[in-house]
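One structure below.
Proteins come first, then strands; the chains are lettered A, B, ... in the order of their sequence lines, and each starts at number 1. Note: hydrogens, waters and symmetry copies are ignored here, and every other heavy atom, side chains too, is used. On a predicted model such as this, the values are computed, not experimentally measured, just so you know.
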2 protein chains.
Amino acid sequence: MSIQTRRERERAKRERLIVTAARELAETEGWAAVTTRRLAAEIEYSQPVLYSHFKGKEAIMAAVAVQGCADLAVELRQARAAAPGVREELAAVAGTYTSFARRRPALYDAMFTHLVPLPFATEEAPAPLREAFGQLLAVVEPIASGGEDPGLLTETFWAALHGLATLMRSGRLPESAHETRLALLIGHFTGG
Amino acid sequence: MSIQTRRERERAKRERLIVTAARELAETEGWAAVTTRRLAAEIEYSQPVLYSHFKGKEAIMAAVAVQGCADLAVELRQARAAAPGVREELAAVAGTYTSFARRRPALYDAMFTHLVPLPFATEEAPAPLREAFGQLLAVVEPIASGGEDPGLLTETFWAALHGLATLMRSGRLPESAHETRLALLIGHFTGG
DNA sequence: ACAGATTGGCTAGCGACGCTAGAATCTTTG
DNA sequence: CAAAGATTCTAGCGTCGCTAGCCAATCTGT
């Protein structure tokens, strides 16, 4: 029994090692540099061990994405806590969200751009995903007017943030006016 | 002289053939199926001819993206023309935009998701790109209140549409509530 | 303590990718 | 008609994600 549990412990540890290495490699050199060979070298095991933990490269990216959602949820919660009022909370969360996308582009891509085999808008979605969405919901809900579904309004607001973040990062929107666009968005969602 | 021009004509024709084949292949089987070998087989030339026309696969995708922008601009213009009022124009264009993203996902990805070597938010941007953006600008400009920069407001509105389209297509937003989310967005941008 | 069974990691390799060098072919020109 | 030039093709390089099958270390039972 004890031997079995020790083995499982070591296996779990190695699995975390894989995910961490993948995330760090992606964040420092981009996802293009995260090849199975390179990742194997990074964790000092041979290539096929990766496939005893994950079905394939996509599954590893999905695991990184879940970690990223947890990170994002923490940042959003902090931003929300530090803001004095309802409108300030919305602005702080929006700013933190797009800042996250800019500071950690590889992580953000794994979470919201790349196709990863993860359930999203269902109850089976991993806890960190629902947690991150919950932080958005918490700041959007108070600004929903009567008759508006807070969940759908949050989804819409999220989509706007996501669009700003991705279009800007790919050079399709100039970075210089980012703050102004964010202010415009918040203004229109708070009925200003 | 005439021989030279005939050659250039034939070259241009083959270049269009490449772009069209790439687009059709992408639209029917997705970009993953668009390999240089497959594309070469499709146009009935060998692989290296592709590189005498384009620097690489990315450049071919960029050419497809430009074509896609022209298509989108046409659709947006038609939607705008068929709408009776300012608010209806905005709704029609927004609906057409997200519908385009849904109907032609591969084309949309080349235009706005994949990294393609194209200048976007500058004056050197290809005409079809500026044309498509112009159609958005034409419907957003009238709903900009005093003091709001119409260009930046259009960028923000575009980002929201882009976010809705991409998050929905990747399964991160449920498709069922799409119309409601669109209505919420338009409502908030028209100050309703 | 040792032979047999089992688990688990490794070496080696498959097919496909984007891309390119150099041979081969076709066209134009003296 | 042959030399010169342009253009297309064959063949191959390095790398990718992924897997089959060998080998060694570990566990089990006597």
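- Here C:dC19 presents its P atom at 12 Å from CE of B:Met61, a figure rounded to the nearest Å.
- When side chains are defined from C-beta on, B:Asp71 does not count as touching B:Glu75, because their heavy atoms never get closer than 4.5 Å.
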Would you be so kind as to tabulate the donor-acceptor pairs closer than 3.5 Å made by side chains of residues 113-122 of chain A, with sequence neighbours excluded?
{"residue": "A:Thr113", "atom": "OG1", "partner": "A:Asp109", "partner atom": "OD1", "Å": "3.3"}
{"residue": "A:Thr122", "atom": "OG1", "partner": "A:Glu124", "partner atom": "N", "Å": "3.2"}

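- For A:Arg11, no side-chain nitrogen or oxygen approaches OP1 or OP2 of C:dG8 to under 4.0 Å.
- What separates CD of A:Glu58 from P of D:dC16 is a distance of 17 Å, to the nearest Å.
- Residue B:Glu44 qualifies as open at atom CD: its count of foreign heavy atoms under 6.0 Å is 12 or below.
- Among the nucleotides D:dT10, C:dG9, D:dC18, the one closest to any side-chain atom of A:Lys57 is D:dC18.
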Q: List the steps, then state whether side chain to side chain donor-acceptor pair (under 3.5 Å) holds for A:His188 with B:Glu148.
A: CA-CA 11 Å; A:His188 279 277; B:Glu148 286 180 342; 3.0 Å; yes
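- Across its full length, the helix from C:dA1-D:dT30 to C:dG30-D:dC1 shows an angle of 20° between the axes of its 5 terminal pairs at either end, rounded to 10 degrees.
- Here the P atom of nucleotide C:dG9 and the CG atom of A:Leu17 are 13 Å apart, to the nearest Å.
- At a cut-off of 3.5 angstrom, the base of D:dC18 holds at least one donor-acceptor pair with the side chain of A:Gln47.
- B:Arg14 forms a cation-pi arrangement with B:Tyr45, by the criterion of a distance under 6.0 Å to the ring centre and an angle within 45° of the ring axis.
- Side-chain contact between A:Val34 and A:Ile60 is absent, with no heavy-atom pair separated by less than 4.5 Å.
- Nearest to the side chain of B:Tyr51, among D:dT8, D:dA20, C:dG18, sits C:dG18.
- Between the CG atom of B:Leu115 and the C1' atom of C:dG18 there is a distance of 17 Å, rounded to whole Å.
- Rounded to a whole Å, the CD atom of A:Glu8 is 14 Å from the P atom of C:dT7.
- The separation between B:Glu15 atom CD and D:dT8 atom P is 13 Å, rounded to whole Å.
- Shown for residues 26-46 of chain B: residues whose heavy atoms fall under 4.0 angstrom of DNA chain C, namely B:Val34, B:Thr35, B:Thr36, B:Arg37.
- Taking 4.5 Å as the limit, some side-chain heavy atom of B:Leu161 sits within range of a side-chain heavy atom of B:Leu182.
- Across B:Glu89, B:Glu88, B:Gln135, a single residue satisfies side-chain hydrogen bond (donor to acceptor under 3.5 Å, both in side chains) together with B:Arg80, and that is B:Gln135.
- In this structure, B:Phe157 has its ring center no closer than 6.0 Å to that of B:His162.
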